[in-house]
Amino acid sequence: MKEYDFIAIGGGSGGFNAARVARGITDSVAVVDGAEELGGLCILRGCMPSKTLIYSAEVLHLAQNAKKFGLNIPNATVDMPALHQRKVETIKEFSDYRVEAMRSRKYDLYRSFAKFIDSNTIELSDGTQLRGKKFIIGTGSKVSVPPIPGLDHEEIWTSDTVLDLDFLPESAIVLGGGVVACELAQFLNRVGSKVTQIQRSPHILKDQAPDVSETVEKAFRDEGMDLFTGTSLKRIEKTDDGFKVVFDQGGFEKAATAKYVVNALGRTPNTQNLGLEAAGIELLPNGQIKTDEHQLTTNPDVYAAGDCAGPFEIVHTAVLQGEYAARHALKEPSSVFGPLNYDHMLDVVFTDPQVARVGLTQKALDERGIEYITADYPFDDHGKSILMEAKYGFVRLFGEKPSGRILGAEIVSKDAGELIHALSVAVSNNLTAADLLKTHWYHPTLAEIISYPLEDIVDEL
C-alpha cells in the first residue's frame, strides 16, 4: 500500500490548490479525482462557462439597445451554435492548463473515486488502497433536487444543461432566485428566450439587502422577464408542449407554462459515498463537512475546503481555504496566509446590474451591536453611469463610529464586481473613510462614485 504525505480528494479549486501548495513543501503528494472530466466545477460547469456566455449576452443586449446610444444597429441576434463554440474554445484554454498541471507528474494522479475505510486510509473505486499522513477533501457540490412532485423528471434541465446549449430555447421557466438562477435567467432572456422566473422567497438574491434585490428585480422586469416571488412550488407537470409549473402566490394558485424548465433551486454538498464515518469525520446539519478555523475536520489528519465545507460556496474562498489547509497540515508557516477572516468576505453576482458586497452587512453590524454610519449614493445621479445608460443601483458604505473605519460595502451597478475591489482593500486593511479620500478618484469614472459616500461619512464624524 502506497503512503503519501498529502492526499487531495477532488481536483477542483480547493483540492487542486491545496495539492499545489503541498507540492511546494513535499514531493509526496497525490490527487484523487474520479470525475469524467478534470478541472473542477468552476472551470467546467460554473464560473468560467457562465461568465463567458453572460458577457456575450451583455454585448448582444447593448447592440439591441443601440438607439439609446445614438447608433443604428438594425438587427442583432444570437448565433447559438457560434456562441456555444466560443464558450467551448474559451473554457478549453482554462481546462487544458489545469489538466496539464495535474498530469505534470508533480503529483500522482488517480482517476478514481475515493472513500475512507479508516482514519488514514482510502480505497479507490478500482480497489487500490492508499494511506495518507494528511488529507484534504475538496469534492464540491451537486445540483439539489428538492421533493417537489415532478421535479425529478428526466427532461428538466439544470445549470449544466443551460451552459451547454447550442440552440435557442423558445421559452423556459427558471426555478429559484439564487445567484445561479438569476444569472442564467437573465442570460436566457437576453439571447431571446421567453423567460419566467419563480422564486420561493419574497425576493430574489435573498441573502442580499432587500433594496439591492429590488434593484435587480426591476431590471429583470424592465427587460421583459416574468418574475414571481414569494411563492410555494406545488408540482411540475409534463405537457404536450413542454411543462407546466403550478405554484401558490399570495394565497392563490397560479401556473406558468414553457417549453423547458430549469432546476436552479440550489446545490448540496457532495459528501455522500466518502466513508466519512469510518474516518471519524462529522457533518453539519446541511450536509457540509464540519471544520474549524484551520479547515480541520473532526479527524485531526483530514482537512476540507470549498463547497463541501462552506461556509461560502465561492471559488476564491475555496482556493484560500485549500492553500491555507495545506500549509497548516504540513506545518509551513506563512506571514501572509492565515485562517480566513470571513468578516472580510467578498462576493459578486454577475447579473446586470451586478451585485457586489464586501465585509459586514447591516444585519451583522446590528446583531453585533456595532455603532456605524451608513452612507450611499445612486448611480442615476452619476455622470459616467448616466452616459453609459447604466442607471440602476447605488453604492452603500458602512463606517465605524467614531473611527470611520470601513466595515462593509454594497454596490449594485454596472461592473459592481470590478468596483468592489477598492473597498475590499479598505475592509481587509482597516482603512478609514478619511484614508480613502486621500486617494485620487479620477473623473469621469464609475469608481469615483465611491468618494461621495466617503465624504458623507467623514462629514458626519
- Item | Considering all heavy atoms, the nearest Pro311-Gln321 contact | CD-NE2, 4.0 Å

- Message: Taking atom CG as the centre, does Asp366 end up with more than 12 heavy-atom neighbours from other residues, nucleotides or ligands that are less than 6.0 angstrom away?
- Response: yes

- Please tell me if the side chains of Glu237 and Val246 come closer than 4.5 Å, counting only heavy atoms from C-beta onward. yes

- Query: Can any side-chain N or O of Gln199 pair as donor or acceptor with the backbone N or O of Gly177 at less than 3.5 Å?
  - Reply: yes

- Message: Checking the side chain of Thr297 only, and the main-chain atoms of Asn299 only, is there a donor and an acceptor separated by less than 3.5 Å?
- Response: yes

- Query: More than 12 non-hydrogen atoms from neighbouring residues, nucleotides or ligands closer than 6.0 Å to CZ on Phe167, yes or no?
  - Reply: yes

- Item | Non-hydrogen side-chain atoms of Phe312 and Leu340 separated by less than 4.5 Å | no

- Start with the C-alpha distance between Asp435 and Arg405, add both sets of side-chain angles, then the distance that settles salt bridge (charged side-chain N to carboxylate O under 4.0 Å, His left out), and finish with yes or no. CA-CA 9 Å; Asp435 291 331; Arg405 182 166 62 101; over 6 Å; no

- Task: Assess the pair Phe135 and Phe116: is the distance between their ring centroids shorter than 6.0 Å?
- Result: yes

- Task: Examine distances only and state if a side-chain atom of Ser141 and a backbone atom of Asn270 form a donor-acceptor pair shorter than 3.5 Å.
- Result: no

- Kindly say whether Lys391 contributes a backbone atom to a donor-acceptor pair with the side chain of Ser385 at under 3.5 angstrom? no

- Message: Is the shortest side-chain heavy-atom distance between Glu455 and Leu437 below 4.5 Å?
- Response: yes

- Query: Counting heavy atoms not belonging to Lys238, are there more than 12 under 6.0 Å from its NZ?
  - Reply: yes

- Query: Distance from Ile136 atom CD1 to Tyr303 atom OH, nearest 0.5 Å?
  - Reply: 9.0 Å

- Message: Please determine whether the number of non-hydrogen atoms from other residues, nucleotides or ligands lying under 6.0 Å from atom CD of Glu277 exceeds 12.
- Response: no

- Message: For the CZ atom on Phe69, are there more than 12 heavy atoms of other groups (residues, nucleotides or ligands in this structure) within a distance under 6.0 Å?
- Response: yes

- Item | Side chains of Thr257 and Phe243 in contact at under 4.5 Å (non-hydrogen atoms) | no

- Item | Donor-acceptor contact below 3.5 Å, side chain His382 vs main chain Pro378 | no

- Does any N or O in the side chain of Thr445 come within less than 3.5 Å of the main-chain N or O of Trp441, such that one atom is a donor and the other an acceptor? no

- Note on the structure: Paired with Leu168, the side chain to side chain contact (heavy atoms under 4.5 Å, CB included) test is passed by just one of Asp79, Val78, Leu83, namely Val78

- Task: Please assess Ser13 against Val315 for the test side chain to side chain contact (heavy atoms under 4.5 Å, CB included), listing each intermediate value before the final yes or no.
- Result: CA-CA 6 Å; Ser13 297; Val315 169; 3.5 Å; yes

- Message: Does atom NZ (Lys194) have a neighbourhood of more than 12 heavy atoms from anything else shown, all under 6.0 Å?
- Response: yes

- Message: For a 4.5 angstrom cut-off between non-hydrogen side-chain atoms, does Leu397 reach Asp376?
- Response: no

- Message: Ignoring hydrogens, what is the shortest heavy-atom contact between Val458 and Ala434? Give both atom names and the distance.
- Response: CG2-N, 3.8 Å

- CD1 of Ile137 to CD1 of Ile9: how many Å apart, nearest 0.5 Å? 5.0 Å

- Item | Cation over ring face, Lys254 and Phe228, 6.0 Å, 45° | no

- Kindly determine whether Asn263 and Val145 satisfy side chain to side chain contact (heavy atoms under 4.5 Å, CB included), including the steps that lead there. CA-CA 8 Å; Asn263 172 14; Val145 185; 4.0 Å; yes

- Message: So, taking the atom named OG1 in Thr268 and the one named CD in Gln272, what distance separates them when rounded to the nearest 0.5 Å?
- Response: 6.0 Å

- Steps toward salt bridge (charged side-chain N to carboxylate O under 4.0 Å, His left out) verdict (Asp415, Lys384): CA-CA 12 Å; Asp415 292 335; Lys384 184 64 181 292; over 6 Å; no

- Between Cys308 and Gln288, is any pair of side-chain heavy atoms under 4.5 Å apart? no

- Query: Donor-acceptor pair, Ser424 side chain versus Ile420 backbone, under 3.5 Å?
  - Reply: no

- Which atom of Tyr392 lies closest to which atom of Pro353, heavy atoms considered: CB-CG, 3.8 Å

- Provide the closest heavy-atom pair for Ala57 versus Val191 in the form atom of the first, atom of the second, distance. CB-CG1, 4.2 Å

- Task: Might you work through the side chain to side chain donor-acceptor pair (under 3.5 Å) test for Glu400 and Ser403, ending with a clear yes or no?
- Result: CA-CA 6 Å; Glu400 182 184 47; Ser403 68; 2.6 Å; yes

- Report the distance from atom OG1 of Thr215 to atom CZ of Phe394, rounding to the nearest 0.5 Å. 5.0 Å

- Would Glu313 and Arg267 pass as an ion pair if we require N to O under 4.0 Å? no

- Message: Any salt bridge linking Arg221 with Asp226? Criterion: basic side-chain nitrogen under 4.0 Å from a carboxylate oxygen.
- Response: no

- Item | Minimal non-hydrogen separation, Val302 against Leu296, with atom names | O-CD1, 3.5 Å

- Report yes or no: does Gln197 contribute a side-chain atom to a donor-acceptor pair with the main-chain N or O of Ile173 at less than 3.5 Å? no

- Donor on one side chain, acceptor on other, Asp381 and Tyr377, under 3.5 Å: yes

- Task: Determine, stepwise, if the pair Tyr342 / Met345 fulfils side chain to side chain contact (heavy atoms under 4.5 Å, CB included).
- Result: CA-CA 5 Å; Tyr342 294 110; Met345 193 62 213; 4.1 Å; yes

- Message: Tell me whether the count of non-hydrogen atoms from other residues, nucleotides or ligands lying under 6.0 Å of CD in Glu253 goes above 12.
- Response: yes

- Task: Please say which of His294, Glu293, Gln295 ends up in a side-chain hydrogen bond (donor to acceptor under 3.5 Å, both in side chains) with Tyr324.
- Result: His294

- Might you point out which heavy atoms bring Asn189 and Val195 nearest each other, and give the distance in Å? N-CG2, 3.4 Å

- Message: Side chains of Ser193 and Pro169, heavy atoms from C-beta outward: is any pair under 4.5 Å?
- Response: yes

- Message: Does this structure show an ion pair linking Glu389 with Lys414, if we count only N-O contacts that are shorter than 4.0 Å?
- Response: no

- Query: Could you give the distance from CD1 (Ile449) to CG (Leu454), rounded to the nearest 0.5 Å?
  - Reply: 11.0 Å

- Worked verdict on Ser159 versus Val262 for side chain to side chain contact (heavy atoms under 4.5 Å, CB included): CA-CA 7 Å; Ser159 57; Val262 182; 5.8 Å; no

- Query: Side-chain contact, heavy-atom cut-off 4.5 Å: Val245 with Ile198?
  - Reply: yes

- Query: Okay, side chain of Asp307, backbone of Gly140: is any donor-acceptor separation there less than 3.5 Å?
  - Reply: no

- Message: For the backbone of Ala18 and the side chain of Glu323, can you confirm whether one donor and one acceptor N or O come within less than 3.5 Å of each other?
- Response: no

- Task: Give a yes or no on whether a salt bridge exists between Asp207 and Arg357, defined as a side-chain N under 4.0 angstrom from a carboxylate O.
- Result: no

- State whether the number of non-hydrogen atoms from other residues, nucleotides or ligands found under 6.0 Å of Lys115 atom NZ is greater than 12. no

- Going through the checks in order, is the salt bridge (charged side-chain N to carboxylate O under 4.0 Å, His left out) test met by Asp164 and Lys87? CA-CA 9 Å; Asp164 209 31; Lys87 183 217 71 172; 3.2 Å; yes

